[in-house]
Amino acid sequence: MERRIRLRRPADFERVRQEGCSLSHPLLVLVVRPSGFDCTRIGVVASRKIGNAVARNRARRLLRESARHLYPRIASGWDLVLIARPMILRAKEPQVREALALLARQAALLE
RNA sequence: CAGGUCGGCCAGGCGGUCGCGCCCUGCAAAGCAGGGCGAGGAAAGUCCGGGCUCCACAGGGCAUGGUGCUGGGUAACGCCCAGGCGGGGUAACCCGACGGAUCGGGCCACAGAAACAGACCGCCCGGCGAGAGCCGGGUAAGGGUGAAAAGGUGGUGUAAGAGACCACCGGCGCCCGUGGCGACACGGGCGGCCAGGCAACCCCCACCAGGAGCAAGGCCAAGCAGCGGCGAGGUGCGGCCCGCACCGUUCGAGCCGCGGGUAGGCCGCUCGAGGCGGCGGGCAACCGCCGUCCCAGAUAGAUGACCGUCCGCGACAGAACCCGGCUUAUCGGCCGGCCUGGGGG
RNA sequence: GUGGGUGUGGCCUAAAGGCAAGGCACCUGGUUGUGGCCCAGGCGAUUGUGGGUUCGAAUCCCACCACUCACC
């Protein structure tokens, strides 16, 4: 997933998590807020609760890969933050993608 | 063959599709195309040591902290190598904070007479007493206590005894000789056995250490607003004092409280005490010379997903300025040296 | 990145190198018509883990683990 469509700055993360709406699933949490631009940007978070550095990297990679496959079908003009939950370490990529698609449909971002 | 011990190495492979970061080249550019590179042996814990950067410059004294057999290696070390000594193991081999207890202070619970100073039961002598025994003195062999109580055996000696004396053995101190750079070892002589342990208690001795840390430090851009109180000292060095320098005591350094602004980008940023190969020196750690290679540089933080296939369904685990060590975690596999036991030729 | 702190029964705290103490909780009995309060008795500890120093370690030293705080 290219960096230009990623959330980068700490202030962006702070704004989305303060002002956005959140939807949860056992594997992850999705936070949504209108971006004010045409494009949609996505940020990925794994806290120390997930585990050590290897586990946190694994969780972020799963979320990024799922978002990459779904990105063309997601509506434009939103900022998304994906937060990993501990259960995600036991899942494989298609399950994570399915969970993300479910949350995106609930948020009316996906068809 | 079995068991042990020491050392070194590997860390799923191959093929395909989609995807990520950096660098180079081409195109005028957003970008696209091609090529190259892309986590570890511990990247970890942050327990030590250095490089690098800033703190204006260096000095003296007192503290504080660390290390602790000897020699060597190294940029340096609390690391490594070799050796000595002590301990463990049949052995290969492993382990060791391993300087000083007559400078001084402190501690050694309980038990025990007594924990570094003395005598409870004993033994012996003298006196008293009809006697049991009592009093005074000598003694430290035997008993008892304890983790620890004036070296062991045999003799001489004695009232009873005792290194009081003698022989041998063991330990300690001093002196001399030999070997070794040295720690130390071996041999000889003398001395008295005056008599403990703990310095991972203070301490003494020797050696070492200025402070902070890449959020160091430098550049660019953007933004802002002051007010009130205390006030003669404050800052540069971290602990203190001296010295030196700077700012300040009318125009107010600094501190405290309230309030206001920013949290973007670039450099540092990877070529290094570097890897590999050869030759030479050294027992080794390691060093020198020559050749050759370029091997992550991210900044919400790049290595992943899916499919096929093989083995045994693959552990611990992710660079964040860089190196040298230590320690800890780790499924399993491969190679080699040595030791012990058994069997065969 | 740097520098501190803590770890003791289920919980909260004690303990100058010498038998790990107390309160709450829990259990049993008493008191009461019943429960609480109260009284008596009892159970319950690898002192975070592993080594070392010492005759002897919760205490001293080293390494590790977990939690936690402060600063930039």
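Below, chain A is the first sequence line, B the second, and so on; all start at residue 1.
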Student: Using atom types as modelled, flag every donor-acceptor pair under 3.5 Å from a side chain in residues 44-51 of chain A to any protein atom, sequence neighbours excluded.
Tutor:
residue	atom	partner	partner atom	Å
A:Ser47	OG	A:Lys49	N	3.2

Student: For B:C266, give its Watson-Crick or G-U wobble partner with both distances under 3.5 Å, or none.
Tutor: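 B:G218 is the nucleotide pairing with B:C266.
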
Student: Could you let me know what C:U8 is paired to, Watson-Crick or G-U wobble, both distances under 3.5 Å, or none if it's on its own?
Tutor: none

Student: What is the base-pairing partner of B:A245, counting Watson-Crick and G-U wobble geometry with both distances under 3.5 Å?
Tutor: B:U235

Student: What is the glycosidic conformation of B:A159: syn, defined as within 90° of 0, or anti?
Tutor: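 B:A159: anti glycosidic orientation.
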
Student: I want to confirm an ordering. Mapping A:Ala53 and A:Ala11 to their closest nucleotides on RNA chain B, which one lands closer to the 5' end?
Tutor: A:Ala11

Student: When rounded to the nearest 0.5 angstrom, what is the spacing between CG in A:Leu80 and CG in A:Leu70?
Tutor: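 Separation between the atoms: 10.5 Å.
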
Student: Could you tell me the separation between the CG atom of A:Leu100 and the CZ atom of A:Arg105, rounded to the nearest 0.5 Å?
Tutor: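 That separation rounds to 10.0 Å.
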
Student: Is B:G297 syn or anti, taking syn as a glycosidic angle within 90° of 0?
Tutor: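 Anti.
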
Student: In Watson-Crick or G-U wobble terms, both distances under 3.5 Å, what is the partner of B:C9?
Tutor: B:G333

Student: For A:Phe13 and B:A263, give me the distance from atom CZ to atom C1', rounded to whole Å.
Tutor: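 Atom-to-atom, A:Phe13 to B:A263, this comes out as 17 Å.
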
Student: Taking CG from A:Asn52 and C1' from B:U330, how many angstroms apart are they, rounded to a whole number?
Tutor: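 From A:Asn52 CG to B:U330 C1': 13 Å.
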
Student: Only pairs with both distances under 3.5 Å count, Watson-Crick or wobble alike; so what is the partner of B:G341 in this structure?
Tutor: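 Pairing partner: B:C1.
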
Student: Please name all residues satisfying side-chain contact (heavy atoms from CB on, under 4.5 Å) with A:Ser35, sequence neighbours left out, ordered by chain then number.
Tutor: A:Phe37, A:Asp79

Student: My understanding is that a pair needs two contacts under 3.5 Å, Watson-Crick or G-U wobble. By that rule, which nucleotide pairs with B:U328?
Tutor: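 Here B:U328 is not engaged in any pair, so there is no nucleotide opposite it.
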
Student: What is the distance from CG of A:Leu63 to P of B:A300, rounded to the nearest Å?
Tutor: 17 Å

Student: Check whether any side-chain heavy atom of A:Arg33 sits under 4.5 Å from a side-chain heavy atom of A:Cys21, and report yes or no.
Tutor: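 No; the side chains remain at least 4.5 Å from each other.
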
Student: Determine if the base of B:C22 is syn or anti; take syn to mean the glycosidic torsion is within 90° of 0.
Tutor: anti

Student: To the closest 0.5 Å, what do you measure between CD (A:Glu98) and NZ (A:Lys92)?
Tutor: 14.5 Å

Student: Checking base pairs now: Watson-Crick or wobble, both atom distances under 3.5 Å. What partners B:C316?
Tutor: B:G40

Student: Tabulate protein N/O versus nucleotide N/O from nucleotides 302-308 of chain B, keeping only pairs under 3.5 Å, one per line.
Tutor:
residue	atom	partner	partner atom	Å
B:A302	O4'	A:Arg3	NH2	3.4
B:U303	OP2	A:Arg61	NE	3.4
B:U303	OP2	A:Arg61	NH2	3.3
B:G304	O3'	A:Arg58	NH1	3.4
B:G304	N2	A:Glu65	OE2	3.4
B:A305	OP1	A:Arg58	NH1	2.0
B:A305	OP1	A:Arg58	NH2	3.4
B:A305	O2'	A:Glu93	OE1	3.3

Student: Send over the distance from A:Ile42 CD1 to B:C20 C1', rounded to a whole Å.
Tutor: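 From A:Ile42 CD1 to B:C20 C1': 15 Å.
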
Student: Between B:A300 atom P and A:Arg41 atom CZ, what is the distance in whole Å?
Tutor: 12 Å

Student: Find the distance between CD (A:Gln95) and CD1 (A:Ile88) and round it off to the nearest 0.5 Å.
Tutor: 10.0 Å

Student: Could you tell me how far apart A:Tyr71 (OH) and B:C20 (C1') are, to the nearest whole angstrom?
Tutor: 16 Å

Student: Let's test this: given Watson-Crick or G-U wobble pairing with both distances under 3.5 Å, identify the partner of B:C207.
Tutor: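 Here B:C207 is engaged in a pair, and the nucleotide opposite it is B:G66.
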
Student: Check RNA chain B against residues 19-33 of chain A and give the residues with a non-hydrogen atom under 4.0 Å, in numerical order.
Tutor: none

Student: Using the test side-chain contact (heavy atoms from CB on, under 4.5 Å), find all partners of A:His25 that sit at least two apart in sequence or belong to another chain.
Tutor: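 side-chain contact (heavy atoms from CB on, under 4.5 Å) check on A:His25 returns A:Leu27, A:Ala99, A:Leu102, A:Leu103.
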
Student: Can you tell me how far CG of A:Leu63 sits from CD1 of A:Ile42, rounded to the nearest 0.5 angstrom?
Tutor: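 It comes to 10.5 Å.
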
Student: Between A:Arg61 and A:Glu65 (salt bridge meaning N to carboxylate O under 4.0 Å), is one present in this structure?
Tutor: no

Student: Determine the interatomic distance between P on B:A149 and the same-named atom on B:A109; round to the nearest Å.
Tutor: 15 Å

Student: Would you please name every residue forming a side-chain contact (heavy atoms from CB on, under 4.5 Å) with A:Arg85, sequence neighbours left out?
Tutor: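 Residues passing side-chain contact (heavy atoms from CB on, under 4.5 Å) with A:Arg85: A:Ser24, A:Val29.
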
Student: Figure out the CG/P separation between A:Asp12 and B:U299, and round it to whole Å.
Tutor: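 Distance, rounded to whole Å: 15 Å.
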
Student: Rounded off to whole Å, could you give me the NZ-to-C1' distance for the A:Lys49 and C:C67 pair?
Tutor: 16 Å

